[in-house]
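Here is how names work: the chains are called A, B, and so on, in the same order as the sequence lines, proteins then strands, and each is numbered from 1.
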Amino acid sequence: MSSIRTRFAPSPTGYLHVGGARTALYCYLFARQSGGDFILRVEDTDEERSTEDSMRMQLADLQWLGYEYQEGVDAKTLRDRGLFGPYRQSQRRSIYREHADRLLKEGKAYYCFLTDEEIERQREEAVRAGRPHQVVSPYRDWSLTDAEKKMAEGDVKPTVRFRVPDLTREYAFHDLVRGEVKFPSDMVGDFVLLRSGGMPVYNFCCVIDDALMKISHVLRAEEHLSNTLRQLMIYEAFGWAPPQFGHLSIILGPDRQKLSKRHGATSVNEYRERGYLPEALSNFIALLGWSSPKSQEILSMQELVEQFSLDRLHPAAAVFDEAKLKWVNSQHLRALPHDELWHQVEPFLVRAGLKLPEDAGWRDRSLQVFKTSMEVLSDAVELYRPLAKLPLQLNDEARDTLKWPSSRGVIEEWRAQLQLCGSAAYLSEAEFSAIQDKVKTNRGVKGKDLFMPIRVAIVGRPHGAELKILVPLIEKSTLIERADQVLAL
RNA sequence: GUCCCCAUCGUCUAGAGGCCUAGGACAACUCCCUUUCACGGAGUAGACCGGGGUUCGAAUCCCCGUGGGGACGCCA
């Protein structure tokens with residue numbers, strides 16, 4: 001039994017999409033759990049749209065997600081790693097050329113001199129006649145020598161087309177997620193293998209690379225399902241055994257249309273910036289089309305590796321629901337050890353310009369208070385803002401609270417009591433409670449009328465975490481400054 | 001238009017002919033906890049696309065519709 005080898009083959013024409021990430025994840029999980037190899041191949045044969053920048057970004061995203069591959073283009077050095085390289089299709093042109101020549105020689109492909117205009121004319125005609133459009137090339141039956149003669153004569157740049165065996169037969173294969181799938185062989189016309197510039201086309205290099213790289217399982221998006229027919233034909237032409245295919249359902253936006261930019265964030269990069277943890281994103285996308293046999297909803301990477309299986313892949317398209325992603329993220333967030341959580345949160349705090357105590361104990365206590373209030377890392381910014389040495393930003397609700405008849409008196413009393421209390425930099429929980437009691441008796445105010453104005457004078461808003469936990473995290477001098485700030489309004 | 005794929009609560013899904021008066025999770029709502037907001041806990045509501053078969057019995061199998069998606073490129 002040969003070993004399991006999966007591959008993820010993105011084309012570097014933009015950011016890594018969550019759909020692509022899910023494909024990569026499944027390939028990674030499947031290879032890892034079976035002790036096989038996961039290969040990363042770059043499909044950059046579209047010269048117009050492929051950029052090295054995109055490639056770099058996508059590799060970085062994959063790295064952030066933690067989907068390590070045994071072979072492929074290294075994310076850091078951009079160099080090939082592995083025995084079956086090069087792993088960038090643009091660097092494999094001679095390989096494709098050789099294989100195309102072989103098909104040409106065997107009469108399984110031919111040079112086609114059809115121009116774009118002629119093809120367009122054919123298409124229009126087909127549409128008018130209401131029949132499916134398939135290229136019918138007059139060069140289909142030319143001999144190789146005739147074609148070569150024509151090429152030698154003039155400045156013509158032909159494409160190389162696959163000569164589809166015009167049999168009326170069915171191509172069938174067993175799809176890992178859909179079961180038996182059959183295609184009639186007349187579903188496609190002769191298709192291009194090599195463009196006129198010599199650059200090969202997706203269906204061609206895909207087959208050659210998967211075969212040469214000894215890929216055992218091809219998991220890819222559903223939109224490639226009908227490409228499988230062409231690929232099967234190519235495998236057959238070379239006499240190669242095709243790999244196992246599994247076509248994953250696509251990911252939809254809330255309106256049940258294919259997820260795209262207009263639905264909001266679609267790239268993993270955006271989710272990273274919004275404060276999602278990589279393992280939470282992975283957990284969530286894993287569940288879009290796969291379910292744990294234990295019906296577990298929150299899974300670590302390790303658990304995903306252990307529990308993943310092809311037979312639990314769901315064939316129907318799934319809607320990407322950010323509300324659930326948030327929940328999954330919140331669960332992963334609170335499961336993180338505090339030092340790791342701080343490490344994740346800190347960049348968001350720094351970017352927001354918040355200066356906070358360096359002290360590890362302080363960080364630990366603050367996370368204890370806040371971690372259950374965070375869904376995404378960026379939530380930390382608003383949570384921590386009141387703890388930074390900054391003037392308060394009052395919201396409307398806070399201003400309303402200050403208009404209550406007793407509010408001003410309460411804050412004046414709170415400030416006075418603060419002044420009276422010890423010289424330590426921070427208030428203890430007990431000291432705060434004692435002060436609060438004094439304000440209560442001295443002013444004869446209780447309940448909301450008591451603690452809401454105080455809260456406004458502390459954090460700038462009437463709602464939030466419990467004061468006796470919050471106050472010991474804020475320097476006393478800051479508390480006094482803030483009371484003054486509010487009283488000055 | 002032709003071919004292919006898909007179809008269970010609003011969403012993600014469990015379900016491989018009787019275990020289903022269809023289970024779980026997110027979201028929603030209610031209550032409890034709480035001197036606020038969250039967290040947490042307990043509940044409520046909510047689905048087998050329609051029609052025909054097959055079968056003693058169908059969410060599960062078959063057919064036909066319908067709906068959605070994909071492909072039909074010198075894109076991938």
Side-chain angles (χ1 to χ4, degrees), chain A residues 9-13 20 43-50 89 112 114-116 119-120 123 126-127 129-135 157-161 175 177-179 181-184 186-189 191-203 205-206 220-230 247 249-250 252 254 256-258 284 287-298 311-312 314-328 330 334 369-375 383 401 436 440 446-452 455 461-467:
Chain A
S11 42
T13 56
E43 308 217 322
D44 55 351
T45 54
D46 184 346
E47 292 173 294
E48 308 265 290
R49 301 194 302 146
S50 299
Q89 292 184 330
C112 174
L114 231 33
T115 62
D116 284 347
I119 292 172
E120 188 51 37
R123 188 198 323 282
V127 169
R131 57 183 159 77
H133 173 250
Q134 281 178 5
V135 170
K157 284 190 176 162
T159 58
V160 174
R161 275 185 196 276
D175 190 275
V177 353
R178 279 151 223 281
V181 180
K182 295 176 198 159
F183 301 104
D186 61 2
M187 188 172 132
V188 294
F191 52 93
V192 170
L193 259 24
L194 254 38
R195 292 179 247 241
S196 51
M199 190 57 108
V201 122
Y202 167 75
N203 281 303
C205 15
C206 183
R220 50 153 62 141
E222 191 187 350
E223 59 240 44
H224 292 296
L225 187 55
S226 45
N227 280 326
T228 308
L229 171 60
R230 294 183 181 80
H247 290 90
S249 62
I250 47 171
L252 270 21
R256 300 213 134 259
Q257 302 286 307
K258 191 173 174 180
F284 174 72
L287 261 18
L288 250 31
W290 175 83
S291 59
S292 149
K294 299 179 185 170
S295 45
Q296 208 175 317
E297 301 277 339
I298 300 300
D311 59 1
R312 295 189 69 84
H314 192 75
V319 172
F320 191 96
D321 177 19
E322 193 166 348
K324 184 152 183 181
L325 204 212
K326 275 198 171 144
W327 174 77
V328 171
S330 73
R334 60 184 72 174
V369 180
F370 290 144
K371 70 172 173 185
T372 51
S373 318
M374 282 190 263
E375 287 189 307
L383 257 14
T401 306
Q436 205 178 22
K440 184 172 166 183
K446 59 179 175 156
K448 281 167 91 166
D449 290 335
L450 173 68
F451 67 84
M452 286 216 171
R455 186 190 298 280
R461 49 197 56 194
H463 299 291
E466 220 179 329
L467 284 178

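Distances shown here put every side-chain N or O of A/S226 at or beyond 4.0 Å from the OP1 or OP2 atom of B/G70. For A/R49, no side-chain nitrogen or oxygen approaches OP1 or OP2 of B/G73 to under 4.0 Å. The phosphate of B/C72 (OP1 or OP2) has no side-chain N or O of A/R230 nearer than 4.0 angstrom. In this structure, A/Q134 does not reach the B/C72 phosphate: none of its side-chain N or O atoms is under 4.0 Å from OP1 or OP2.
For A/N203 and B/A76, a side-chain-to-base donor-acceptor distance below 3.5 Å is absent, hydrogens and geometry of angles not being considered. A donor N or O paired with an acceptor N or O is found under 3.5 Å between the base of B/G24 and the side-chain atoms of A/E297.
Among the heavy atoms of the strands, none lies under 4.0 Å from A/K371. Using a 4.0 Å heavy-atom cutoff across all strands shown, A/G197 reaches no nucleic acid atom at all. Counting any heavy atom pair closer than 4.0 Å across all strands shown, A/S11 reaches sugar-phosphate atoms only and no base atom. Nucleic acid contact for A/K258: sugar-phosphate only, since backbone atoms but no base atoms lie under 4.0 Å from a heavy atom of the residue. Using a 4.0 Å heavy-atom distance criterion, A/R220 is classed as making no nucleic acid contact. Contact annotation for A/P462: base contact, defined as any heavy-atom pair under 4.0 Å involving a base atom. Within 4.0 Å (heavy atoms only), A/N227 reaches at least one base atom of the nucleic acid. Within the nucleic acid shown, A/E466 comes within 4.0 Å of at least one base atom, counting heavy atoms only. Here A/S291 lies in heavy-atom contact (under 4.0 Å) with sugar-phosphate atoms only. Using a 4.0 Å heavy-atom criterion, one finds that A/T45 contacts the sugar-phosphate atoms exclusively. Looking at heavy-atom distances under 4.0 Å, A/F183 makes contact with sugar-phosphate atoms alone, never a base. Nucleic acid contact for A/Q436: base, since at least one base atom lies under 4.0 Å from a heavy atom of the residue. Using a 4.0 Å heavy-atom distance criterion, A/A9 is classed as making no nucleic acid contact.
Nucleotides B/C3 and B/G65, compared at atom P, are 11 Å apart to the nearest Å. B/A7 sits 14 Å from B/G50 when the P atoms are compared, rounded to a whole Å. Nucleotides B/G43 and B/C5 are separated by 41 Å at their C1' atoms, to the nearest Å. Atom C1' of B/A45 sits at a distance of 15 Å from the matching atom of B/C26, rounded to the whole Å. Between B/A28 and B/U11, the two C1' atoms lie 12 Å apart (nearest whole Å). B/U36 and B/G15: their P atoms are spaced 43 Å apart (whole Å). Taking atom P on both nucleotides, B/G23 is separated from B/C9 by 14 Å, rounded to a whole Å. Comparing the C1' positions of B/C19 and B/C32 gives an interatomic distance of 35 Å, to the nearest angstrom.
Inspection of the A/R312 and A/S291 side chains reveals an N or O donor paired with an N or O acceptor under 3.5 Å.
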Enumerate all atom pairs, one protein N or O and one N or O from nucleotides 58-64 of chain B, separated by less than 3.5 Å.
none

Identify each atom pair where a protein N or O and an N or O of nucleotides 8-10 of chain B are less than 3.5 Å apart, giving names and distance.
none

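Taking every side-chain heavy atom of A/R178 into account, B/C6 is the closest of B/U11, B/A14, B/C6. For A/P315, the listed nucleotide lying nearest its side chain is B/A7; candidates were B/C74, B/C12, B/A7. With B/A7, B/U36, B/C5 as the candidates, the nucleotide lying closest to the side chain of A/R455 is B/U36. With B/A76, B/C12, B/G15 as the choices, the nucleotide that has an atom nearest any side-chain atom of A/E43 turns out to be B/A76. Side-chain proximity of A/V201 to B/C5, B/G69, B/A76: nearest is B/A76.
The interatomic distance linking A/L194 (CG) with B/C74 (P) rounds to 13 Å, in whole Å. Remark: C1' of B/G69 and NE2 of A/H224 are 15 Å apart, rounded to the nearest angstrom. Look at CZ on A/R461: it is 14 Å from C1' on B/U36, rounded to the nearest Å. Whole-Å rounding puts the A/L325 CG to B/A27 C1' distance at 14 Å. For the pair A/Q89 CD and B/C74 P, the computed distance is 17 Å after rounding to whole Å. Rounded to whole Å, the distance from CD on A/E120 to P on B/C74 is 11 Å. What separates CE of A/M187 from P of B/C72 is a distance of 9 Å, to the nearest Å. A/D186 has its CG atom 20 Å from the P atom of B/A71, to the nearest Å.
For A/S373, there are no side-chain hydrogen bond (donor to acceptor under 3.5 Å, both in side chains) partners, not counting sequence neighbours.
The residue among A/D46 and A/E222 whose nearest nucleotide of RNA chain B is located toward the 5' end is A/E222. For the pair A/L114 and A/A323, both in contact range of RNA chain B, the more 5′-proximal nearest nucleotide belongs to A/A323.
In summary, A/R49 and A/D46 engage in a salt bridge, as defined by a charged side-chain N under 4.0 Å from a carboxylate O.
Atom CD of residue A/Q436 and atom NZ of residue A/K446 lie 14.0 Å apart, to the nearest 0.5 angstrom. If you take CZ on A/R123 and CD on A/Q134, they are separated by 12.0 Å, rounding to the nearest 0.5 Å.
By the 6.0 Å contact criterion, NZ on A/K326 is open, its count of non-hydrogen atoms from other residues, nucleotides or ligands being 12 or less.
Residues A/R178 and A/S249 are in side-chain contact: their nearest non-hydrogen atoms beyond the backbone lie under 4.5 Å apart. Within the 4.5 Å cutoff, the side chain of A/L229 has heavy atoms near those of the A/V188 side chain.
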